[in-house]
Trainee: 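Before anything else, here's the structure in question.
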Amino acid sequence: QVQPVESGGGLVQAGGSLRLSCAASRGTFSHNAMGWFRQAPGKEREFVATISRSGGSTAYADSVKGRLFISRDSANNMVYLQMNSLKPEDTAVYYCAASTEVVIRTSPNEYVYWGQGTQVTVSS
């Protein structure tokens, strides 16, 4: 398995929380920075969060700063996106991806392995 596999999406009310999980193969995970992106209907895919290979550096889109948090569990080849204080505008398909680089990257063009996505719907 090279492609990451996401889970944890669902329907939640505004103000609620969800935690997305991403399982990656050891080869994909151990050498790469990881990221979360999202795509809402009729919109382009956009950057959400990224974490370096070491886990020591993170970066977030301005729209999610202070509400969404990315982390990684190197022992289990997992990446997480903790989503708090969710808003209706957070509704999208969320994708986990593995970069070609070890340091944080925000452009989707620098990610080569993509999961199938998990739907997050926030009701008002």
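Keep in mind that this is a model prediction, so the values were computed, not measured. The analysis underlying the following values was restricted to heavy atoms, covering all of them including side chains, and did not include hydrogens, waters or symmetry mates.
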Trainee: Is there a side-chain contact (heavy atoms from CB on, under 4.5 Å) between Trp36 and Cys22? Walk through the geometry before answering.
Mentor: CA-CA 9 Å; Trp36 286 96; Cys22 171; 3.6 Å; yes
Trainee: Is any NZ, NE, NH1 or NH2 atom of the basic residue among Asp62 and Lys65 found under 4.0 Å from an Asp or Glu carboxylate oxygen of the other?
Mentor: yes
Trainee: Is the positively charged end of Arg19 above the ring of Tyr80, judged by distance under 6.0 angstrom from the centroid and angle within 45° of the axis?
Mentor: yes
Trainee: Applying side-chain contact (heavy atoms from CB on, under 4.5 Å) to Val102 and Asn32, what does each step give before you reach the verdict?
Mentor: CA-CA 5 Å; Val102 300; Asn32 301 92; over 6 Å; no
Trainee: Specify the closest pair of heavy atoms between Val48 and Val64, including all atoms of both residues, with the distance to one decimal.
Mentor: O-CG2, 3.6 Å
Trainee: Could you measure the distance from the CD atom of Glu101 to the OG atom of Ser107? Nearest 0.5 Å is fine.
Mentor: 11.0 Å
Trainee: Does Gln3 use its side chain to pair, donor to acceptor, with the backbone of Trp114 at less than 3.5 Å?
Mentor: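 Yes; judged by distance alone, with no hydrogens or angles, the pair exists.
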Trainee: Given the rule in the side-chain contact (heavy atoms from CB on, under 4.5 Å) test, do Arg67 and Lys87 qualify, once you have shown the distances and angles that lead to the verdict?
Mentor: CA-CA 10 Å; Arg67 300 188 300 115; Lys87 304 175 181 180; 3.8 Å; yes
Trainee: Honestly curious: do Phe37 and Leu68 fall in one hydrophobic cluster under the side-chain, below-4.5 Å linking rule?
Mentor: no
Trainee: Report the distance from atom CG of Leu81 to atom CG of Leu18, rounding to the nearest 0.5 Å.
Mentor: 9.5 Å
Trainee: Taking the side chain as every heavy atom from C-beta outward, state whether Thr121 and Val12 have any pair of such atoms under 4.5 Å apart.
Mentor: no
Trainee: Do Tyr94 and Gln39 come close enough that some side-chain heavy atom pair is under 4.5 Å?
Mentor: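 Contact flag for Tyr94/Gln39 side chains = no.
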Trainee: With distance as the sole criterion, is a donor-acceptor pair present between the side chains of Asn84 and Ser17 under 3.5 Å?
Mentor: yes
Trainee: Assess whether side-chain hydrogen bond (donor to acceptor under 3.5 Å, both in side chains) is satisfied between Tyr111 and Thr50, documenting all intermediate values.
Mentor: CA-CA 11 Å; Tyr111 288 79; Thr50 179; 2.9 Å; yes
Trainee: Measuring from Phe47:CZ to Ile104:CD1, what's the distance to the nearest 0.5 Å?
Mentor: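 Between Phe47 CZ and Ile104 CD1, I get 7.5 Å after rounding to 0.5 Å.
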Trainee: As an exercise, state the distance from OG of Ser57 to CD1 of Ile70, rounded to the nearest 0.5 Å.
Mentor: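 Nearest 0.5 Å value for the OG-CD1 distance: 11.5 Å.
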Trainee: Measuring only between side-chain heavy atoms, which start at C-beta, is Gln82 closer than 4.5 Å to Ser71?
Mentor: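 The answer is no, as the side chains (C-beta and beyond) never meet within the 4.5 Å cut-off.
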Trainee: For Ala33 versus Arg72, what's the shortest heavy-atom pair and its separation?
Mentor: CA-NH1, 4.0 Å
Trainee: Quick check: is Leu86 connected to Val93 through a chain of hydrophobic side chains (ILVMFWY, heavy atoms under 4.5 Å apart)?
Mentor: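 Each belongs to a different hydrophobic cluster.
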Trainee: Evaluate the side-chain proximity of Gln116 to Val5: yes if any heavy-atom separation is below 4.5 Å, no if none is.
Mentor: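 Val5 does not reach Gln116 side chain to side chain.
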Trainee: Arg38 versus Lys43: any side-chain heavy-atom pair under 4.5 Å?
Mentor: no
Trainee: Decide yes or no for Gln119 and Thr91: does some side-chain heavy atom of the first lie under 4.5 Å from some side-chain heavy atom of the second?
Mentor: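 Of all side-chain heavy-atom pairs linking Thr91 with Gln119, at least one is under 4.5 Å.
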Trainee: Go through the steps to decide whether Met34 and Ser99 satisfy the test side-chain contact (heavy atoms from CB on, under 4.5 Å), and finish with yes or no.
Mentor: CA-CA 6 Å; Met34 302 292 293; Ser99 172; over 6 Å; no
Trainee: Using side-chain heavy atoms (C-beta onward) and a distance below 4.5 Å, is Val120 in contact with Val122?
Mentor: yes
Trainee: Hey, are the side chains of Pro4 and Tyr113 touching, using non-hydrogen atoms and a 4.5 Å cut-off?
Mentor: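 Sidechains of Tyr113 and Pro4: in contact.
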Trainee: Is there a path of hydrophobic side-chain contacts, each under 4.5 Å between heavy atoms of I, L, V, M, F, W or Y residues, that connects Ile51 with Met78?
Mentor: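 No.
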Trainee: Any donor-acceptor pair under 3.5 Å linking the side chain of Glu6 with the backbone of Gly117?
Mentor: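 Side chain of Glu6 to backbone of Gly117, a donor-acceptor pair under 3.5 Å: yes, one is there.
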Trainee: Does any N or O in the side chain of Ser21 come within less than 3.5 Å of the main-chain N or O of Ser7, such that one atom is a donor and the other an acceptor?
Mentor: no
Trainee: Would Arg45 and Tyr95 count as a cation-pi pair here, with the cationic atom under 6.0 angstrom from the ring centre and within 45° of the axis?
Mentor: yes
